[in-house]
Each structure stands twice: as structure tokens, then as C-alpha cells.
Amino acid sequence: MEKLMLGVNVVMKVGDRVRVKDSVVVYHHPEHRNQPFDIKGTEGDVIGIATQWRDRPVSANLPIVVQFSKKFKSHLRENELEVI
């Protein structure tokens, strides 16, 4: 059941529980602001897939939006995540 949206092979859907499987360094983690922080192994929920903006199609580089905690969410690639 693969869904193709603007060239993005999306098998994840909103509400899926996911884990970061690759090393991904972010600088916007609320507890480590402006410092490199690796989120490998962190679990969260998919809250969106960025394929449209203001009813216009977009091709996002990081299409999967994941909410890790109340204060921290991030856009990631599908190949950086695994469904759990």
C-alpha cells in the first residue's frame, strides 16, 4: 500500500509511532538550543506530511513532520525513520 505524493514515496501516515534510525543532528532541540544534538533513537508521532502549503502542492526536502515532545518537533526524511 504505497502512496506517491509529489515524488515522495510515503508509506508512513499521520498518527504512526516512529523512531529515528539514523544519526540526525539538530540545532533546535529545546534543551540543547543552538548546540548540536543527535536525535538517533528518539521516538515520536507523525503529525503531518508536507505535500501541500496553502492548497498548493510543494515538494519538501524533509516531508515527514514528527512530534517528539510537547516542545520539540522536527521535519525528517522517510529513510531516517522506522515505524514501530
Side-chain angles (χ1 to χ4, degrees):
M1 186 187 320
E2 294 182 38
K3 192 173 182 183
L4 194 64
M5 298 192 316
L6 293 173
V8 177
N9 184 13
V10 179
V11 293
M12 293 176 201
K13 60 188 180 307
V14 174
D16 282 350
R17 186 85 178 153
V18 294
R19 177 184 306 124
V20 180
K21 66 179 182 178
D22 294 333
S23 180
V24 178
V25 177
V26 297
Y27 289 84
H28 65 281
H29 192 279
E31 296 171 13
H32 306 278
R33 178 88 45 205
N34 298 325
Q35 299 172 8
F37 182 72
D38 191 357
I39 59 172
K40 182 177 181 177
T42 307
E43 296 180 6
D45 297 311
V46 176
I47 61 168
I49 299 172
T51 57
Q52 291 207 348
W53 183 72
R54 294 187 181 179
D55 297 327
R56 300 177 88 182
V58 297
S59 58
N61 293 334
L62 306 170
I64 311 295
V65 184
V66 180
Q67 182 84 43
F68 293 104
S69 68
K70 186 176 180 179
K71 294 183 177 183
F72 178 56
K73 67 180 174 181
S74 186
H75 291 249
L76 299 163
R77 293 181 183 92
E78 186 177 8
N79 64 349
E80 297 171 332
L81 300 168
E82 61 184 354
V83 179
I84 51 174

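- Looking at heavy atoms from C-beta onward, Ile49 lies out of side-chain contact with Val65 at the 4.5 angstrom threshold.
- Checked by atom type and distance alone, the side chain of Gln35 never pairs as donor or acceptor with a backbone atom of His32 at under 3.5 Å.
- In this structure, His28 and Phe37 have side chains that are not in contact, with every pair of non-hydrogen atoms separated by 4.5 Å or more.
- Contact annotation: the side chain of Thr51 never approaches that of Val58 to less than 4.5 Å [non-hydrogen atoms, C-beta and beyond].
- Two different hydrophobic clusters hold Ile64 and Ile47 under the rule that ILVMFWY side chains link at heavy-atom gaps under 4.5 Å.
- Rounded to the nearest 0.5 Å, atoms CG (Asn61) and CG (Leu76) are 12.5 Å apart.
- Between Ala60 and Ala50, the closest heavy-atom pair is CB-O, 3.7 Å.
- For Ser74 against Val26, the heavy-atom pair with the smallest separation is OG-CG1, 4.3 Å.
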Go through the steps to decide whether Asp45 and Asp16 satisfy the test side chain to side chain contact (heavy atoms under 4.5 Å, CB included), and finish with yes or no. CA-CA 6 Å; Asp45 297 311; Asp16 282 350; over 6 Å; no
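- Nearest heavy-atom pair, Val25 versus Pro36, reported as atom, atom and distance to 0.1 Å: CG1-CB, 3.7 Å.
- Residues Arg77 and Pro63 approach most closely at CA-CD, 4.4 Å, considering heavy atoms.
- Transitive grouping of hydrophobic side chains (ILVMFWY, heavy atoms separated by less than 4.5 Å) brings Val83 and Phe68 into a common cluster.
- For the atom pair Thr42 OG1 and Phe72 CZ, the distance stands at 7.0 Å (nearest 0.5 Å).
- Between Lys21 and Lys40 the shortest heavy-atom distance is O-CE, 3.6 Å.
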